[in-house]
Amino acid sequence: MRIGELSERTGVSRRSLRYYEEQGLLVSTRSPSGQRHYAEDQVQRVELIQSFFAAGLSSRTIVEMLPCMTTRPTMRAAQDSMAVMRRERERLSATLDTVLAALAALDRLIDENSAYQARLAASDSPLSDTVVTIG
């Protein structure tokens, strides 16, 4: 498929796809006229790259993991990639723990705010000037 189709199917701009290729994240072949052509499996690869970017991985880190994502790597390349993958998994796990704690705190604030609004709605006296501390 040509770059335009890959862009449409993945929602990633042509410019980004060219960048991915420059960084060694994607592989294409060239037609006699110089147009890029991508294999079908590059759709999933772009989606994987996008998920890694969304998780905060840099293109350099993704490239370091590539020997285990593409062809059969050497033992040394596989070991190096494994170290990077483990490091990134640990980092993502720590980030996830932080996000989950923030989500739980936000849920508590939402519950407290909802309860306050319910009490206010049920009250006969206007409490619009009352200061409420939540938390």
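Between M65 and F52, the closest side-chain pair of non-hydrogen atoms falls below 4.5 Å. In this structure, the side chains of Q23 and S59 come closer than 4.5 Å at one or more pairs of heavy atoms. Side-chain atoms of L48 and I62, non-hydrogen and from C-beta on, never get closer than 4.5 Å to each other. A 4.5 Å side-chain heavy-atom check between S123 and R119 finds every atom pair outside the cut-off. Residues M1 and V43 meet the side-chain proximity criterion, which asks for heavy atoms closer than 4.5 Å.
Within the structure, every pair that satisfies the ring-ring contact (aromatic ring centres under 6.0 Å, His included) test and touches residues 16-36, not counting sequence neighbours, is listed here: Y20-F53. Listed by first and then second residue, the salt bridge (Lys or Arg N to Asp or Glu O under 4.0 Å) pairs involving residues 18-30 are E21-R36 (not counting sequence neighbours).
Scanning both residues, V27 and Q42, for their nearest heavy atoms gives N-OE1, 3.3 Å. Contact record, Y38 with L17: OH-O, 4.4 Å, taken as the closest heavy-atom pair.
Residues passing the side-chain contact (heavy atoms from CB on, under 4.5 Å) test with S114, sequence neighbours excluded: I110. Applying the salt bridge (Lys or Arg N to Asp or Glu O under 4.0 Å) criterion to R14, with sequence neighbours excluded, gives no partner residue. With sequence neighbours left out, A55 forms a side-chain contact (heavy atoms from CB on, under 4.5 Å) with L57, L92. Residues passing the side chain to side chain donor-acceptor pair (under 3.5 Å) test with T74, sequence neighbours excluded: none. By the side chain to side chain donor-acceptor pair (under 3.5 Å) test, Q117 pairs with N113, sequence neighbours left out. Residues satisfying the salt bridge (Lys or Arg N to Asp or Glu O under 4.0 Å) test with D80, not counting sequence neighbours, are R76. For S33, the side chain to side chain donor-acceptor pair (under 3.5 Å) test picks out S31, with sequence neighbours left out.
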Taking only distance into account, with no hydrogens and no angle test, what donor-acceptor pairs under 3.5 Å do side-chain atoms of residues 6-13 form with protein atoms, sequence neighbours excluded?
| unit_1 | atom_1 | unit_2 | atom_2 | d |
| --- | --- | --- | --- | --- |
| S7 | OG | V12 | O | 2.6 |
| R9 | NH1 | E40 | OE1 | 3.1 |
| R9 | NH1 | E40 | OE2 | 3.3 |
| R9 | NH2 | E40 | OE2 | 2.4 |
| T10 | OG1 | L6 | O | 2.7 |
| T10 | OG1 | V12 | N | 3.4 |
| S13 | OG | S16 | N | 3.0 |
| S13 | OG | S16 | OG | 3.0 |

All N/O donor-acceptor pairs, side-chain side in residues 93-107, below 3.5 Å, sequence neighbours left out:
| unit_1 | atom_1 | unit_2 | atom_2 | d |
| --- | --- | --- | --- | --- |
| T95 | OG1 | R91 | O | 3.0 |
| T98 | OG1 | A94 | O | 3.2 |

Could you walk me through whether I3 and Q35 pass the side chain to side chain contact (heavy atoms under 4.5 Å, CB included) test, one step at a time? CA-CA 8 Å; I3 194 168; Q35 293 179 334; over 6 Å; no
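Grouping Ile, Leu, Val, Met, Phe, Trp and Tyr residues whose side-chain heavy atoms lie under 4.5 Å apart, directly or via other members, leaves M75 alone, with no other cluster members.
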